Amino acid sequence: MPSELIGSDAPPPTGWSAAVRFARLCEDEIPRIHAFVARRVADRTAVEELTTTVFDRALAVLRDGSVAPEALTMFIYRVATSAVLDHARRERQAIPRGARAADFDHPGDRERAQQIGDERATRAFEASLDRDALRRAVADLPPDHQRAVILRYFDGLAGDELAAVLGCEPEAVAVQVHRALRSLRGSMEREAAGAA
Amino acid sequence: VLPDARRRHWVEVARIRPIGPPDGAAPEEDDDRPHAGPMDADLAPLDAELSRAGSRAREAHRSRTEPTRFFAARLQARLVRDFEADRARAEAEATDGGAAGLISSR
C-alpha cells in the first residue's frame, strides 16, 4: 500500500486501485463512525466493538457484492445506527449472543432503545448551547425533530449520510431539517410570547 | 500531534456541509418538495447558531469520541489486509476456473 496515497487532502484519482480506495475510505470513516457511536454509547470498549462490527459488515457486503462501492458510506451509517440501537436493546434486557436483538422487541422497545442513545447525544449538544431558551426549545422538540437537529448539527451529517441515519430518501433530508428548525423557532417564539 | 495536511483533512471531513431547505414561500408543514437552494433567510441565524454550538460540542467531546491511534490504525490495517486477501482469492479462483474450463474443453 503506497503510504503517500493515504491521509492526503486530494480526492482519490480514478486510477487508484480498489485496495487503496478502500484504505482511504477506512481512514476517513473509522474516526467518524467511532465518534458517531461514542456520542451515543458510554463504554469505550463497546464503542470500539461496535465500530469494528460496522466495518466488518462493510467488508462483507463488498465481498458478496450486495452493496456498490459508491454506496458504502451510506451503508456504513445505516449499520452504525442499527448497531447503536442493538447495543441499547442488549443493555435493557438479556439477549443471547448471536441472536438478532430486534427479534426480542416488545411494542415500544425499539423507540425506548433509540431514546437511550438519542438522549445521551442530545444532553451533550444542549450543554454547548449558549442561550437558555434555545436549550429548552431543543429539549422540548418532538423526538424526530430533535433527532434531525442532533444529527445535523452535533454529528455534522448531511445529504446521503443523514438520510441513511434518518431512514429517509436523500431528497427528504433538507425538508426534515427545515421542519425541525421551524419547530425550534416556533417553540422559542411561543415561550417569548408567554413571558411577555 | 497530527501533521498539518492530515489535520486539514480531518477538519475538512468534520466540517458541516450545507444543505438546501425548502422554499420559504411554501406552507411550512405541507412542503415535502426536495430543495437544494440556500437556507431560508429567516432561519439562517438559527442555523448558524446551531452550527457553532455543534462545533463547540464536537470539540468538547473530542477526547472521548476520537478513536485511539492504535485502534484506528490496527482496524484499518486488518480491514485492508482482509480486503486484499479477498481480491487475491477471487482472482486466483477466476484463474483456476479459466484453466479448468480450458482443460475440460480439450
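A, B, ... follow the sequence lines: proteins, then strands. Residue 1 opens every chain. Everything quoted here is computed from the prediction, not taken from an experiment.
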Quick check: closest heavy atoms across A/Ser128 and B/Ala53, and the distance to 0.1 Å?
OG-O, 3.0 Å
What's the verdict on side-chain contact (heavy atoms from CB on, under 4.5 Å) for B/Arg78 and A/Asp56, showing C-alpha distance, side-chain angles and the deciding distance?
CA-CA 10 Å; B/Arg78 201 258 297 161; A/Asp56 281 341; 2.7 Å; yes
Can you find a pair of side-chain heavy atoms, one from B/Leu50 and one from A/Leu181, that are under 4.5 Å apart?
yes
What is the minimum heavy-atom distance between A/Ala23 and B/Gln76, and which atoms define it?
O-NE2, 3.3 Å
A/Arg185 side chain to B/Asp42 main-chain N or O, any donor-acceptor pair under 3.5 Å?
yes
Assert top hit (heavy-atom pairs under 4.5 Å, partner chain B, pool A/Arg39, A/Glu48, A/Arg63) equals A/Glu48
Is it true that A/Leu162 and B/Leu43 fall in one hydrophobic cluster, defined by side-chain heavy atoms closer than 4.5 Å?
yes
Best-contacting candidate, A/Val138, A/Val47, A/Thr51, against chain B by heavy atom pairs under 4.5 angstrom:
A/Thr51
Inter-residue atom distance A/Leu134.CG - B/Glu49.CD, 0.5 Å rounding
5.0 Å
Just by distance, do the side chain of A/Arg44 and the backbone of B/Arg64 share a donor-acceptor pair under 3.5 Å?
yes
Measure B/Ala60 against the heavy atoms of chain A and call it side chain, backbone, both or neither at under 4.5 Å.
neither
Rounded distance [0.5 Å steps], CG in A/Leu62 versus CZ in B/Arg87
9.5 Å
Shared hydrophobic cluster for A/Leu157 and B/Leu46 (ILVMFWY, side-chain gaps under 4.5 Å)
yes
Tell me whether A/Leu141 is reachable from A/Val165 by hopping between hydrophobic residues (I, L, V, M, F, W, Y) whose side-chain heavy atoms are closer than 4.5 Å.
yes
Against chain B, label A/Ala124 side chain, backbone, both or neither, depending on which of its atoms sit under 4.5 Å from a heavy atom there.
both
Measure the spacing between CG of B/Asp86 and CG of A/Leu59 and express it to the nearest 0.5 Å.
5.5 Å
Heavy-atom count around A/Glu189 CD within 6.0 Å, excluding the residue itself: above 12?
yes
At a heavy-atom separation under 4.5 Å, does A/Ala42 approach chain B through its side chain, its backbone, both, or neither?
backbone
If you group Ile, Leu, Val, Met, Phe, Trp and Tyr by side-chain heavy-atom gaps below 4.5 Å, do A/Phe22 and A/Met74 land in one group?
no
Donor-acceptor check, side chain of B/Thr65 to backbone of A/Ala38, threshold 3.5 angstrom: yes or no?
no
Is A/Arg57 atom CZ crowded by more than 12 heavy atoms from other residues, nucleotides or ligands, each under 6.0 Å away?
no
Treating Ile, Leu, Val, Met, Phe, Trp and Tyr as nodes and any side-chain heavy-atom pair under 4.5 angstrom as an edge, say whether A/Val37 and B/Phe71 lie in one connected cluster.
yes
Could you state the interatomic distance from CG (A/Leu184) to CG (B/Asp47), rounded to the nearest 0.5 Å?
11.0 Å
In Å, rounded to the nearest 0.5 Å, how long is the span from CZ of A/Phe154 to OG of B/Ser51?
13.5 Å
Would you compute the distance between atom CG of A/Leu25 and atom CG of B/Leu79 and round it to the nearest 0.5 angstrom?
10.0 Å
Would you call B/Arg56-A/Asp130 a salt bridge at under 4.0 Å N-O?
yes
Is the backbone of A/Tyr153 close enough, under 3.5 Å, to the side chain of B/Arg58 for a donor and an acceptor to pair up by distance?
yes
